[in-house]
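Numbers here are sequence positions counted from 1. Indexing begins at 1, ligand by ligand and atom by atom, following the structure's order.
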Amino acid sequence: MAVVLTVILVSRGFGRTEWDEETSDEPSTLVFRREDLQRIWNWEIASGHYPSSQSIPKEIGLQDPPLNPALPPKSRTTSPSRYSPHSAVVASADTDTLGVGPKRLYPDIQSTPPHVSYPPRPLPGSVTDLDIVMKYCDFSTGKYVRDCLEVLRVGAGLDNGQRTRRGSIDDWKYIYMEDANSTTSSTVAEVADDPVPPPISRPGAAKPKGRDNDPDAGLIRKHGAKWEPTLTLPATFTHQPATSLSEPCDPENPRVFHMFWTGPFTDKPYMALLAFLFTQNTGLHEPQDAPSPAVCRPQFWMWINPGPAAAVPNPNAMHDMFAQLKESPWASPFLHPRFKDVIRFRLWNTTEQLDGVPEIRDEWRELQKTLFNSGGHVISVPEEDEDDETEEGDENAHSTKEKKEKDDMLHRTGSKSSAEYDRLSVILSDMARFVLCHRFGGVYLDADTILLRDWEELWGWKGAFAYRWSRLPKYNTAVLRMNRGSALGSFLFRTALRNGLDFHPMTVSRYTKDAYLEGLLLRLPDALFDAAWLNTEEYQRDRPPQPYFTAFGDFFDTPRAEQRCPTGPRL
Ligand SMILES: *[C@@H]1O[C@H](CO)[C@@H](O)[C@H](O)[C@H]1NC(C)=O
Ligand SMILES: *[C@@H]1O[C@H](CO)[C@@H](O)[C@H](O)[C@H]1NC(C)=O
């Protein structure tokens with residue numbers, strides 16, 4: 001008893017941190033039938049959001065390989081031995097998609113004289129092949145951050161050092177262009193003309209033996225929940241290679257970086273904006289009257305959450321926001337007309353944003369009391385009158401006292417110091433990133449993210465992705481890329497709604513895991529976002545990506561073993 005008690009007390013004492021590994025026996029969060037999960041996969045693939053050759057898990061039970069317009073026709077690498085048609089236990093094997101998209105050209109990217117002093121700009125319309133990146137960078141398969149960064153550097157032409165004792169590094173080319181003229185039509189007939197053998201048929205994928213009666217066999221439904229009604233999905237997008245677009249920007253894939261900021265504008269968002277201006281090809285170096293550039297200029301939308309002010313209808317909210325920005329020495333430079341096409345300050349209004357998501361529009365208000373829910377940990381907002389349905393509605397009817405209490409609670413939405421670190425704001429921003437990506441498309445960046453290089457090629461990859469701390473299997477959505485109005489987004493919002501609107505990154509991992517949709521939200525390893533992290537956590541100390549200094553004096557008297565060239569690039 002004493003031992004058990006001690007363990008409980010000790011573990012309670014530590015409290016939860018953001019990246020606690022959760023226990024593996026977490027209850028299921030799944031509320032969708034297999035039929036719906038199949039539709040989600042098919043929708044994403046048909047929309048060109050799955051440029052990957054990774055297989056679809058067998059649990060999804062797709063019998064016919066979906067046609068994939070974002071993948072070139074290719075000989076199958078899967079060996080037939082992988083399927084065992086007579087397996088009595090579960091569905092036979094994973095399904096591969098059938099590439100019917102444009103051919104890919106992997107150019108040799110080099111600086112050409114006389115421009116060798118600077119690394120080359122990314123080619124407009126080029127795409128990072130994240131399958132190849134994963135091949136060299138995935139921590140789970142034992143890859144080192146250091147080697148990954150070398151592949152990224154060399155493949156992007158950022159390393160013109162004369163390397164010796166290297167074999168062929170053609171396999172390192174991870175940036176491709178789609179050849180618009182080679183687009184095969186998406187009919188099976190044409191694919192059959194291809195010398196490539198037809199896909200291996202894998203019978204029995206959908207119907208495990210002996211369980212023919214239950215189409216959802218093998219899926220674990222959320223305890224006590226009903227299956228959700230069938231998702232209404234919009235028409236699929238059309239995958240278009242960049243070279244076949246009539247203008248540089250693809251209207252279906254807006255290049256917008258979103259950032260969410262609560263409280264006074266400080267040096268942190270200032271740094272983030274500066275990094276954006278310095279690294280992305282915003283075209284600001286061109287004279288104003290120059291012809292419009294051939295590259296798609298990315299935009300940065302800084303979402304300002306006015307905190308408690310947002311809870312009260314205020315026709316001057318927008319005006320107030322700009323007045324405050326103008327006062328701030330960190331924000332005012334970006335109000336210059338020069339930046340009007342690339343930086344936008346936008347007012348965050350929780351009610352308006354949640355109402356803008358059709359999947360939760362009619363139901364989020366019922367969950368209001370638990371709206372600030374993170375990983376099951378609910379922060380209760382002081383209750384309003386029982387009959388009060390909306391966050392703002394009837395606000396004026398409240399007594400001043402009640403209003404004051406509410407303001408006090410919501411007032412904490414600005415984190416001024418680490419001691420005053422505020423969960424509420426974090427929880428709101430956990431949800432905000434999914435709302436923004438689902439409504440507007442683009443990439444969400446946490447406010448401590450600094451862009452280190454041009455994202456041109458990453459924009460080209462239309463699959464959704466998020467950051468992962470490699471030693472944990474789960475997502476971290478500090479960097480989140482999702483397509484506008486996607487089936488994945490619909491799934492996430494409906495599932496979250498049935499799970500208390502919890503958008504904590506670790507919970508979101510469970511949503512996709514329980515539904516076998518993990519493949520649709522690729523987890524990119526540390527090497528791409530935070531190359532020093534694994535080292536800091538005592539991993540890969542034998543071959544660190546950059547010199548690992550343990551003492552301040554090392555900067556002046558560098559240990560012999562650490563005297564190596566630095567590596568890059570990170571994203
Ligand atoms: C594609 O075809 C068009 C006209 O048919 C041609 O102008 C263009 O150069 C071709 N592109 C490639 C990559 O071959
Ligand atoms: C927020 O949006 C709601 C609904 O659109 C609106 O009623 C309210 O006035 C807005 N609040 C502010 C501060 O603009």
Side-chain angles (χ1 to χ4, degrees), residues 256 258-266 269 301-328 331 334-335 343-373 379 381-415 422 424-442 444 447 484-485 489-490 493 496-497 501 503:
V256 180
H258 302 276
M259 194 169 277
F260 180 83
W261 187 256
T262 305
F265 201 90
T266 65
W301 293 5
M302 184 65 83
W303 292 88
I304 307 282
N305 174 24
V312 191
N314 173 9
N316 292 328
M318 190 70 91
H319 178 267
D320 292 354
M321 179 185 84
F322 279 108
Q324 280 183 17
L325 290 174
K326 224 161 146 182
E327 298 261 294
S328 161
F334 304 114
L335 297 175
I343 294 178
R344 287 180 66 189
F345 288 98
R346 305 202 57 178
L347 183 70
W348 173 269
N349 176 338
T350 306
T351 312
E352 183 195 321
Q353 292 297 336
L354 296 186
D355 279 347
V357 178
E359 287 82 4
I360 59 169
R361 180 187 295 149
D362 302 326
E363 288 167 77
W364 69 265
R365 287 182 171 79
E366 292 159 23
L367 291 164
Q368 234 191 111
K369 281 173 201 153
T370 57
L371 199 53
F372 298 109
N373 180 349
I379 294 189
V381 179
E383 288 200 19
E384 300 175 59
D385 293 349
E386 287 302 315
D387 55 349
D388 190 9
E389 288 262 290
T390 68
E391 201 175 349
E392 280 92 13
D394 305 336
E395 187 71 32
N396 297 333
H398 281 204
S399 74
T400 337
K401 184 174 161 283
E402 274 174 309
K403 200 160 164 181
K404 190 162 178 295
E405 275 173 8
K406 191 178 174 200
D407 276 5
D408 280 348
M409 179 65 195
L410 294 170
H411 216 87
R412 301 194 294 122
T413 47
S415 39
D422 192 346
L424 205 59
S425 166
V426 172
I427 293 172
L428 185 58
S429 88
D430 275 351
M431 179 156 53
R433 66 200 64 200
F434 287 95
V435 171
L436 292 174
C437 286
H438 191 50
R439 285 195 71 191
F440 305 101
Y444 176 88
R484 181 173 61 198
S490 295
F493 276 98
L497 195 65
L501 267 183
F503 276 102

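If you number the atoms of ligand 2 from 1 as listed, the ones under 4.0 Å from a heavy atom of E352 come out as 2 (O), 5 (O). Close approach of ligand 2 to A317 is summarised as follows: ligand atoms under 4.0 Å from at least one heavy atom of the residue are 13 (C). Using a 4.0 Å cut-off to heavy atoms of N349, the atoms of ligand 2 that qualify are 1 (C), 2 (O), 3 (C), 8 (C), 10 (C), 11 (N), 12 (C), 14 (O).
No donor-acceptor pair closer than 3.5 Å links the side chain of N316 to the backbone N or O of H319. A donor-acceptor contact shorter than 3.5 Å links the side chain of H258 to the backbone of G441.
With contacts defined as side-chain heavy-atom distances shorter than 4.5 Å, the pair L436/W301 does not qualify.
Applying the side chain to side chain contact (heavy atoms under 4.5 Å, CB included) criterion to D355, with sequence neighbours excluded, gives T351, R361, W364, R365.
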